[in-house]
A.B. asks: 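Encoded as C-alpha cells, here's the structure I'll be asking about.
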Amino acid sequence: MEQNQRNLTGATSCVFLLFYLFSFLPLQAEDGHRLWLRYDTLNRAKVSILVPPPVRGGHENITTPTMLIAQRELQLFAGADSVTLRIDHSLPDNEGFTLTAGNGRSFTICAHRDIGLLYGAYRLLEQLHETPGQNWSPESLTLGHDAPFFTLRLLNHWDNLDGTIERGYAGESIFWEEKNSQLPILNSQLITEYARANASIGINGSVLNNVNASPKMLTAPYLNAVKIIADILRPYGIRVYLSINFASPMALGFTQTADPLVPEVAAWWQQKADEIYKLIPDFGGFLVKANSEGQPGPGDYHRSHADGANMLARALKPHGGIVMWRCFVYGANHKGEDRVMQAVSEFKPLDGMFMDNVILQTKNGPLDFQPREPYSPVFDQIKRTPNMVELQITQEYLGQSRHLVYLAPMWQEFFNFVKPSQLRGIAGVANIGLDRNWCGHHFSQANWYAFGRLAWNPRLTSKEIADRWLRLTFGSGPSVATLSQLMESSREACVNYMMPLGLHHIFKFDHHMGPEPDGFKAEYPLEWCPVYYHQADSAGVGFDRTVSTGTGATAQYRPELARLYEDLNTCPEEYLLWFHHVPWTHRMKSGRTLWQELQAKYGEGVTFVEQMADRWQQLKPYVDEQRWREVDERLQQQVRDAREWRDVCLGYFSQFAVK
C-alpha cells in the first residue's frame, strides 16, 4: 500500500513528467520499445515559451506543464538552433498549430492552446528525424497550419481489472494489475511513456477498461486509480473515459434494479457522476456496451437504448461529459433475423430520440471486425444522432499479433464509403500491452501509429502513413521502399488466404485464430457458427442477403449501393459471397468459375506471404538483429498459418464444389 501511494504521488508531479523525459535516450538493444519516437538526444535547440499578457479581469496566463513538456522534447531532440513556442489566441481554438520557419535553423510554433504547441512540437520532431543524418532544410518541411479533423480521437482499451486484456495479444494491461485483492498497482513510468506516444500522433482520449465492464470499476479504489492515471495523461492532452456496466448500481448493492426509468437508479448515476468529476474535473464520459453478448442493459426492463443512454447522459451533461453507446447489438430480440441487419433494426426507430451528448459508436462493418466487410449501414440509416466509428487496431480476426497485416488500407476503404464529415469522432480498440515492444509484433506498431494519423487527418493515404512510420521506425535506408510495398499489400493478402470474395466469419471458435469452416456447436447460437455464414452446399456458397430471395440486408444501404449489391452481375466481387449464394460454376470477371477463383485467391494469399518472408530475409543487413529475428519468427509462423487456411478451407469446400 505504501509503495502504491509513493507511485501515485510521484506520478502527479510536473517535475516527474519533465525529468522522466531524460529516460528517452538511445537504447543498446533495438527491442522496439521506443516505437516511432527513436530520437537521438542532441541538446542543441534553444526553446522559448511566449504567452500573452493576462487580459484585464481574466486569469493570469502561465507556462503550463504541457508547454514545459513541449519545450523539453524540443530541447533534447530537435537539432535546430532555436524554436519559439507561442500562444496566440487569434488562431482557431481547435487543438491545431501553425508551424513556420525563420532564418537559418529556427522555427516558431503557434497555437491557441498549450496542447497545440505540444502537437506542433511532435510534428516538427517527426519531420526533422525523417531525414537521414539531419540533412534537412526548412524548404523540405511541411509548414503552415494543421488541425485535427475529428474532435474525438480515442483508444478503447479492452483491459480487465485483473490485468488480462480481451482480444489483446501483446501481454497484460499497462493500467491494471491486482495482487492478493489489494488496490490496483500502477506503473506510472510506463503510463507516461504511453501518454507521450499517443500525444505524438494526436490521440486525445483513452477508455481505460473493457467494454465488458466490471461494476468494480466505479468503486472508490478504482476511481482513485483512474484519477492518478488522468493526472499523468492530462499534460499530454489525453482525457480519460470509462466503460461502465449498465447494472452497476444493482450489482454493487445500492438499488434493487437497474431500470433506467426508476428514479433511485437515475439518482445513483447522478451521484456517481458528481463523485467522478470531483476527482477528475475533465473526465470524458462513459462507453457503454448494453444488451449485447450477455451484457445488461435497458432492454432487460423493456426499455429502449434511448432510455438507457439518456439517463446516463443527464447525469453527465452538467459536467460536459458524453455517452458513447455502442451499436454492436444482436441476439435475443432478433430471433431469426440476419445478424448483420440487427443494429439498424435496433437503432433506426430511435434515431433523433437521444440527448445531444449521446454518440452512437458503430463498428466499421456490420458484423465483427472481419478481414473484409462492407461498411455498416448504420452510417446510412442514422441521420439525426451523432455517430462515431469504432475500428479495431488489435488484429482479432487478422492474425492477431502473429501476422504482419497493415490495417490502414482497410480503414481507408471504409472512408471511401463513409465520409469523415458524417462522424463526430473515431475510436480504435487498442493493441497495447506489457510486451516490451508494446504490440507483440513490431509491425503491429504501425497500426497504432496509422490510427492516430488517420484520426488527425483521414485524407492521408495508407502509403503516406506507412512510408513515414517506416522511416521513423527503421530508418531511411533501402528497406523502406520494399517494406512499404509489403505493408500496403498485406491486408489484401490476408483477405485472400483467409476469406476471399466475401466469405466471412469462418474462424475457430472463441479465440478466432485459424480456420474452421465446418464449425458448428449446437450449444452455441447459430449466428456464432461458421456454417451459418458461408452456407456452402452442392448448389453453391455464400450468404443470400438480397431482397428478392434472401434476408434483404442489401436494402439497408443507400439506394445506389443497394441496387449494386442486389444484382449478382453488378455486385463487386470482393463482397460477392457476403451478399449472394453463388453457384460454383458462376463465371467470374477473370473468366474462371467461382470454384477456380476461390482456389486462385487462396493461392495468391499464400504466395504473397511466402514472398514477404523471403524479402525479409534479404533485408537482414539493413535491420538490427533483434527486431529482424523477432519479425522473421512471426513471418515464418504466418507462412504456416496461411498454408493452413488455404488447405483447410479448400479441402472443406471441395466436398461441395467438386462433383
Side-chain angles (χ1 to χ4, degrees), residues 12-21 43-128 138 141-153 192 195-196 198-205 230-239 280-284 319-320 456-457:
T12 59
S13 70
C14 297
V15 173
F16 170 84
L17 291 171
L18 293 174
F19 276 93
Y20 182 68
L21 289 172
N43 290 300
R44 292 179 56 182
K46 176 184 178 182
V47 183
S48 304
I49 300 175
L50 302 178
V51 296
V55 178
R56 180 178 297 180
H59 296 291
E60 182 180 1
N61 288 290
I62 59 173
T63 301
T64 67
T66 301
M67 296 177 192
L68 294 175
I69 293 171
Q71 180 186 46
R72 197 57 173 163
E73 292 275 15
L74 292 166
Q75 286 174 335
L76 283 172
F77 305 124
D81 292 335
S82 67
V83 183
T84 300
L85 301 172
R86 188 172 75 233
I87 293 293
D88 183 349
H89 293 306
S90 69
L91 292 173
D93 187 8
N94 57 8
E95 298 183 277
F97 59 87
T98 299
L99 174 62
T100 58
N103 295 328
R105 300 164 71 88
S106 65
F107 299 91
T108 299
I109 302 170
C110 298
H112 186 101
R113 283 192 260 164
D114 57 359
I115 188 59
L117 297 180
L118 184 59
Y119 290 151
Y122 283 123
R123 188 62 55 80
L124 176 59
L125 286 170
E126 186 175 77
Q127 293 190 74
L128 298 183
L141 305 179
T142 301
L143 305 175
H145 189 72
D146 196 11
F149 186 92
F150 294 114
T151 302
L152 297 171
R153 309 179 299 280
T192 303
R196 179 177 183 253
N198 280 326
S200 75
I201 51 177
I203 290 170
N204 69 353
D231 290 344
I232 297 172
L233 301 186
R234 185 176 297 110
Y236 291 89
I238 302 169
R239 299 174 76 179
I280 310 164
D282 60 348
F283 178 71
H319 306 284
W456 184 279
N457 181 4

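As the structure is a computational prediction, the values presented were derived from the model and not from experiment.
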A.B. asks: State, to 0.1 Å, how close Trp456 and Gly202 come at their nearest heavy-atom pair, and which atoms those are.
C.D. replies: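 That closest heavy-atom pairing would be CE3-CA, 4.0 Å.
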A.B. asks: At their closest point, which heavy atom of Arg105 faces which heavy atom of Gly79, and how far apart are they?
C.D. replies: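 That closest heavy-atom pairing would be NH2-O, 3.2 Å.
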A.B. asks: Does a side-chain heavy-atom distance below 4.5 Å link Leu128 with Phe77?
C.D. replies: no
A.B. asks: Closest heavy-atom contact between Leu143 and Ala101?
C.D. replies: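 It is CD1-CB, 3.9 Å.
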A.B. asks: Check whether Asp81 reaches the backbone of Ser106 with its side chain - one donor and one acceptor, N or O, closer than 3.5 Å.
C.D. replies: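 No; zero donor-acceptor contacts below 3.5 Å.
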A.B. asks: Please round to the nearest 0.5 Å and tell me the distance separating atom CD of Gln75 and atom NZ of Lys46.
C.D. replies: 11.0 Å
A.B. asks: Would you call Phe107 and Leu141 a side-chain contact if the rule is heavy atoms closer than 4.5 Å?
C.D. replies: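 Contact flag for Phe107/Leu141 side chains = yes.
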A.B. asks: At what distance, to the nearest 0.5 angstrom, does CG of Leu76 lie from CD of Gln71?
C.D. replies: 10.5 Å
A.B. asks: Quick one: does Phe97's side chain get under 4.5 Å of Leu117's, heavy atoms only?
C.D. replies: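 No, every pair of side-chain atoms sits at 4.5 Å or beyond.
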A.B. asks: Kindly compute the distance separating CG (Leu233) from CZ (Arg196), expressed to the nearest 0.5 Å.
C.D. replies: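 Between atom CG of Leu233 and atom CZ of Arg196 there are 15.0 Å.
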A.B. asks: Work out which heavy atom in Asn204 is nearest to a heavy atom in Thr151; give both atom names and the distance.
C.D. replies: ND2-O, 2.9 Å
A.B. asks: Do Asn198 and Tyr236 have side chains that approach each other closer than 4.5 Å (heavy atoms only, starting at C-beta)?
C.D. replies: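 Result no, sub-4.5 Å side-chain heavy-atom pair not found.
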A.B. asks: Is a side-chain donor or acceptor of Glu73 paired with a backbone partner of Tyr122 at a separation under 3.5 angstrom?
C.D. replies: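 Looks like no, no N/O pair under 3.5 Å.
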A.B. asks: Do Glu95 and Tyr119 have side-chain heavy atoms sitting under 4.5 Å apart?
C.D. replies: yes
A.B. asks: To the closest 0.5 Å, what do you measure between CG (Leu99) and CG (Asp146)?
C.D. replies: 9.5 Å
A.B. asks: In chain order, what residues pass the salt bridge (Lys or Arg N to Asp or Glu O under 4.0 Å) check against Arg239, with sequence neighbours excluded?
C.D. replies: none
A.B. asks: Which atom pair, heavy atoms only, marks the closest approach of Arg234 to Asp282?
C.D. replies: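 Where Arg234 meets Asp282 most closely, the heavy atoms are NE-OD2, 2.8 Å.
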A.B. asks: Can you name the side-chain contact (heavy atoms from CB on, under 4.5 Å) partners of Thr66, sequence neighbours left out?
C.D. replies: Thr64, Asp114, Ile115, Leu118, Pro235
A.B. asks: Contact between Asn94 and His145 at the side-chain level, heavy atoms closer than 4.5 Å - yes or no?
C.D. replies: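 A side-chain contact under 4.5 Å exists here.
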A.B. asks: side-chain contact (heavy atoms from CB on, under 4.5 Å) with Arg86: which of Val51, Leu50, Leu91?
C.D. replies: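 Considering Val51, Leu50, Leu91, a side-chain contact (heavy atoms from CB on, under 4.5 Å) with Arg86 is found only for Leu50.
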A.B. asks: How many angstroms lie between CD1 in Ile109 and OG1 in Thr84, if you round to the nearest 0.5 Å?
C.D. replies: 9.0 Å
A.B. asks: Could you state the interatomic distance from CD1 (Ile280) to CG (Asp231), rounded to the nearest 0.5 Å?
C.D. replies: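 Spacing of CD1 (Ile280) from CG (Asp231) equals 8.0 Å.
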A.B. asks: Could you report the tightest heavy-atom contact between Leu85 and Met67, atom names first, then the distance?
C.D. replies: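 Nearest heavy atoms, Leu85 then Met67: CD1-O, 4.1 Å.
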